[in-house]
Structures are given as C-alpha cells and as structure tokens.
Amino acid sequence: MLPIDVAAHSSRWRRRHPAEKALLGLGLTVSAVCLPPWPGAVLVAGATLAVLLGPAGVPPRQLWRAFRIPLGFCVTGAVPLLFAVGGPAGLVSLAPEGPADAGRLLLRTSAASLGVLLFAFTTPLSDVLPRLVRAGVPAPVVDVALVMYRISFLLLDAVHQVRQAQAARLGHTSRAAVWRSLAGLGATAFVRAFDRAQRLQTGLAGRGYDGTLRVLVPGAAPSRPFLCGVAALLAGIVLATLLLERYAL
C-alpha cells in the first residue's frame with residue numbers, strides 16, 4: 001500500500017463518517033480558492049496544518065512527503081507568471097505584476113492542496129467508494145473503481161518485486177542496463193495487468209458475480225458536534241479574512 005493509504009487506514013478519524021471529513025476538506029479547499037490569497041489562503045493553510053498535525057494526528061514527515069509532490073506542481077504553475085512573452089521589453093521579460101500574481105497563485109493552490117490531503121490522510125478510498133452508490137453514482141461505475149483500486153496495489157507490488165529482481169541481477173549498473181530493465185519492467189507490468197484481470201474475472205464468475213460487488217461498509221453516523229466544529233472553523237476563517245482585509249485597507 002502507498003504511505004498515504006496506510007496513514008488513512010490508521011488515522012484517528014478512520015471511524016468517522018466520510019461525509020464529515022469531506023465537508024471539512026472540501027470546505028477548506030473551496031475557501032482557499034474563493035477567499036483572497038492574502039490573508040485568506042494563509043489562514044486556510046494554517047488551519048489545515050493545525051488540524052492535520054493536531055486532531056487528525058498525521059506525522060509531519062508523512063505529510064511533507066505527500067505534500068511535496070503537489071507543491072512541485074504548484075510552483076511549476078506559478079513560475080510562468082513571472083515572465084511576459086513579447087512586447088517592447090523583448091521576446092521574454094519579467095512581467096511587471098509577475099511576482100505578485102505568482103505568489104497569489106502559489107498561496108491558493110498550496111492551501112487548496114492541503115485541504116485535499118486532509119481528506120486523503122483521514123479517509124481510505126475503500127470507505128468512500130461503496131457509499132457513492134447511495135449518493136446516486138451508478139453501481140457499475142463504483143464497481144469498476146473498486147476493482148481498479150484493488151488492481152493498482154497488486155500491480156505496484158508486482159513492479160516492486162520485478163525491480164528488486166532486476167537490481168539483484170545487476171540490471172541497474174549502467175545507463176544501458178537501466179533502459180533495458182525499464183523496458184522489461186514495462187512489458188512485465190503490461191502482461192501481469194492482463195493476467196490479474198483475467199484471474200479476477202474468473203474468480204468473480206466462480207462466486208456468482210451478477211454485476212454488483214457487495215461489500216461490508218463500517219457503520220458510522222455523522223456527529224453533530226464535529227459538524228458544528230467544522231462550520232465554526234470555516235466561518236471563523238471567513239470572518240478573520242474579512243476583518244484583516246478591512247484593517248489592512
């Protein structure tokens with residue numbers, strides 16, 4: 001399993017209803033996008049980090065390892081705003097408002113990414129997918145998602161085993177050997193994907209599969225105090241943003 005999935009399955013909030021955590025994560029993400037970058041996105045990022053490291057109990061090292069990937073995309077998206085193409089200053093020049101625009105975009109996207117990570121670190125996907133049928137998502141779509149979720153871990157495990165076998169046979173000693181090993185890894189993963197799918201189809205057919213995967217969903221009821229706390233947190237962020245903006249002006 002991926003580290004973020006391991007953290008989600010062992011989270012303090014694992015037994016909470018996914019709708020509660022979705023409301024919190026989505027509310028923080030929407031707040032980061034809709035509120036002004038300063039001070040709104042900063043307040044959202046601070047509140048999200050406080051929840052992640054505090055009540056949610058996410059280890060800081062795991063959070064950083066998961067956050068640095070979307071942060072890289074945020075930085076990559078903000079860098080082009082620093083430059084202007086064409087104009088009297090030349091073919092490529094620094095944009096007059098480039099640093100401000102890049103900073104605002106970076107604040108928004110990084111704060112929104114933390115809101116998404118809050119939901120991912122506290123809610124396993126296996127708890128969310130079966131409940132989507134009750135929300136109106138067609139059952140075949142949910143079944144395909146459940147199967148792909150399962151197969152993805154099997155393929156990741158297979159890729160890990162192949163890489164270990166290639167390294168033990170000196171398959172990574174030179175650049176040419178690395179490329180040959182990479183080609184063999186891709187071919188092996190492709191073949192194993194079809195093999196896993198065929199075995200899964202045979203197993204489901206042997207168990208009387210009728211078009212619907214029936215799984216047990218852990219029972220959980222939404223908590224009113226938790227929902228009230230979420231509403232208070234979001235309202236506090238919005239109110240603090242408006243007050244800071246007013247006094248800053």
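The figures here come from the full heavy-atom set of this structure, side chains too, leaving out hydrogens, waters and symmetry mates.
Considering all non-hydrogen atoms of both residues, L234 and G27 come closest at CD2-C, 3.7 Å. Of all non-hydrogen atoms in A32 and A112, the two that sit nearest each other are CB-N, 3.6 Å. Closest approach of R108 and P37 over heavy atoms only: NH2-CD, 3.2 Å. The minimum heavy-atom distance between T109 and L106, with the atom names listed, is OG1-O, 3.3 Å. Heavy-atom minimum distance, G40 versus T241: CA-OG1, 3.5 Å. Of all heavy-atom pairs between S113 and C74, the closest is OG-SG, 3.8 Å.
Evaluation of the side-chain hydrogen bond (donor to acceptor under 3.5 Å, both in side chains) rule for S31 yields no partner, not counting sequence neighbours. A search for side-chain hydrogen bond (donor to acceptor under 3.5 Å, both in side chains) contacts involving Q198 returns nothing, not counting sequence neighbours. V42 is linked by a side chain to side chain contact (heavy atoms under 4.5 Å, CB included) to W38, L107, counting only residues two or more places apart in sequence or in another chain. By the ring-ring contact (aromatic ring centres under 6.0 Å, His included) test, F119 is found to be paired with no residue, residues two or more places apart in sequence or in another chain being considered. Under the ring-ring contact (aromatic ring centres under 6.0 Å, His included) criterion, F190 pairs with F194, sequence neighbours left out.
In the hydrophobic cluster analysis, where Ile, Leu, Val, Met, Phe, Trp and Tyr join through side-chain heavy atoms closer than 4.5 angstrom, I4 is grouped apart from L26. When hydrophobic clusters are built by joining Ile, Leu, Val, Met, Phe, Trp and Tyr residues whose side-chain heavy atoms come closer than 4.5 Å, directly or via intermediates, W13 is grouped together with L125. In the hydrophobic clustering of ILVMFWY residues, with side-chain heavy atoms under 4.5 Å counting as a link, L185 and L155 come out apart. The cluster map of Ile, Leu, Val, Met, Phe, Trp and Tyr, joined by side-chain heavy atoms under 4.5 Å apart, puts V116 and L35 in different clusters.
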Distance-only criterion, 3.5 Å: show the donor-acceptor pairs between side-chain atoms of residues 43-72 and protein atoms not counting sequence neighbours.
{"residue": "T48", "atom": "OG1", "partner": "V44", "partner atom": "O", "Å": "2.6"}

Mind listing the side-chain donor-acceptor pairs of residues 96-104 below 3.5 Å, one per line with the distance, residues two or more places apart or on another chain?
{"residue": "D101", "atom": "OD1", "partner": "R104", "partner atom": "NH2", "Å": "2.3"}

Residues 170-184 side chain polar contacts: donor-acceptor under 3.5 Å, at least two apart:
{"residue": "T173", "atom": "OG1", "partner": "L170", "partner atom": "O", "Å": "3.3"}
{"residue": "S174", "atom": "OG", "partner": "A177", "partner atom": "N", "Å": "3.2"}
{"residue": "S181", "atom": "OG", "partner": "G171", "partner atom": "O", "Å": "2.7"}
{"residue": "S181", "atom": "OG", "partner": "A177", "partner atom": "O", "Å": "2.9"}

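Side-chain contact between L118 and L114 is absent, with no heavy atoms from C-beta onward closer than 4.5 Å.
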Worksheet entry | Worked check of side-chain contact (heavy atoms from CB on, under 4.5 Å) between R192 and Q161 | CA-CA 12 Å; R192 289 198 178 188; Q161 292 178 2; 4.1 Å; yes
Discussion item. Working note: V238 + L242, criterion side-chain contact (heavy atoms from CB on, under 4.5 Å); need CA distance, chi angles, decisive distance, verdict.
Written reply: CA-CA 6 Å; V238 174; L242 296 177; 4.2 Å; yes
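L105 belongs to a hydrophobic cluster with L81, counting contacts under 4.5 Å between side-chain heavy atoms of Ile, Leu, Val, Met, Phe, Trp and Tyr, direct or through other members. Applying the under-4.5 Å side-chain rule to Ile, Leu, Val, Met, Phe, Trp and Tyr, the cluster around V33 consists of that residue alone. Hydrophobic side-chain contacts under 4.5 Å tie V191 to no other Ile, Leu, Val, Met, Phe, Trp or Tyr residue.
A salt bridge (charged side-chain N to carboxylate O under 4.0 Å, His left out) check over residues 16-29, counting only residues at least two apart or in different chains, returns the pairs R16-E20.
Separating the CD atom in Q166 from the CZ atom in R169 is a distance of 9.0 Å, to the nearest 0.5 Å.
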